[in-house]
Amino acid sequence: MQMKLLEDRIRAEGRAMDERVLLVDSFLNHQVDTELMLEIGREFKRLFADSGITRIVTVESSGIAPAAMTALEMGLPLVIMKKYPSPRNQEGTLETEVFSFTKNSPYMLTIKTKYITPGDRILLIDDFLANGEAAFGCIRLVEEAGAQIAGIGTVICKSFQPGKKKLEEAGYRVEALADVAYMAKDVIRYVGEAE
Ligand code: G4P
């Protein structure tokens, strides 16, 4: 379900650096428009209201703002998965390696098991969905903790990269508030728009 307010903001302020990277640091990744984040939280609440969600999960750092507003709107706890450069093997902690194609490097995604309990129904919220590596890393940890992924919400999806399709093929529900079909320098085309 695409969100016009967000699509318009991306058109006004977003910059396609090249065919792969969209810069939105005036309202999402560096400076944060909290009013817009609140609207995003409301939209995710609307989309996932009937999914029996018990907890919101995100990955540090740019996922935190939209995820916090979603948690606030839904009246649910927010849990932030942490990133470390190498394994820590701490007791009571689960970890998994994730490879970032954008940064061309791996990192360890970790979570304390006390913040996800068996039976939890998790809504995973993040800022970008590209190759889906971060999302699949989160899924591994949530499922290892005995909880279930009830949905995935991304503020911006780049559908020309494989993440969304791979997640949907694996059976997960994915909702993107802005779904980019094609990008080139200073050109953005959303899914559903004519070429
Ligand atoms: P993936 O998880 O979907 O496979 O994506 P990838 O590893 O390639 O993404 C790595 C980082 O780059 C993530 O941020 C992701 O949010 C960000 N990213 C991916 N595509 C874009 C894009 O087009 N524009 C911008 N601005 N960011 C993008 P991160 O490393 O987790 O950093 P943080 O910003 O959350 O701290």
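For ligands, and for the atoms within them, numbers begin at 1 and follow the listed sequence. Quantities reported herein were computed from a predicted structural model and do not represent experimental measurements. Side-chain atoms are counted along with the backbone in the values below, which use heavy atoms only and exclude waters and symmetry mates.
Taking the charged nitrogens against the carboxylate oxygens, Arg9 and Asp33 do have a contact shorter than 4.0 Å, which makes a salt bridge. The residues Glu193 and Arg11 are annotated as salt-bridged, a charged nitrogen and a carboxylate oxygen being separated by less than 4.0 angstrom. Electrostatic pairing of Lys165 and Glu169 counts as a salt bridge here, judged by a charged N lying under 4.0 Å from a carboxylate O.
By the 6.0 Å contact criterion, CZ on Arg140 is enclosed, its count of non-hydrogen atoms from other residues, nucleotides or ligands being greater than 12. Atom NZ of Lys82 sits in a sparse spot, with 12 or fewer heavy atoms from other residues, nucleotides or ligands closer than 6.0 Å.
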Which protein N or O atoms sit under 3.5 Å from any N or O of ligand 1? Give atom names and distances.
residue, atom, partner, partner atom, Å
ligand 1, 2 (O), Ala134, N, 2.9
ligand 1, 3 (O), Ala130, N, 2.9
ligand 1, 3 (O), Asn131, N, 2.9
ligand 1, 3 (O), Gly132, N, 2.8
ligand 1, 4 (O), Asn131, N, 3.3
ligand 1, 4 (O), Gly132, N, 3.1
ligand 1, 4 (O), Glu133, N, 2.9
ligand 1, 7 (O), Ser100, OG, 3.4
ligand 1, 8 (O), Phe101, N, 3.4
ligand 1, 8 (O), Thr102, N, 2.9
ligand 1, 8 (O), Thr102, OG1, 2.5
ligand 1, 9 (O), Thr102, OG1, 3.4
ligand 1, 16 (O), Asp127, OD1, 3.3
ligand 1, 20 (N), Lys158, NZ, 2.7
ligand 1, 23 (O), Leu22, N, 2.8
ligand 1, 23 (O), Lys158, NZ, 2.7
ligand 1, 24 (N), Leu22, O, 2.6
ligand 1, 26 (N), Leu22, O, 3.1
ligand 1, 26 (N), Asn29, OD1, 3.2
ligand 1, 30 (O), Lys103, NZ, 2.8
ligand 1, 31 (O), Lys83, NZ, 2.3
ligand 1, 32 (O), Lys103, NZ, 3.3
ligand 1, 34 (O), Ser62, OG, 2.8
ligand 1, 35 (O), Ser61, N, 3.3
ligand 1, 35 (O), Ser62, N, 3.0
ligand 1, 36 (O), Ser61, N, 3.3
ligand 1, 36 (O), Ser61, OG, 2.6

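Geometrically, Arg121 does not engage Phe48 in a cation-pi contact, judged by NZ or CZ lying under 6.0 Å from the ring centre and within 45° of the ring axis.
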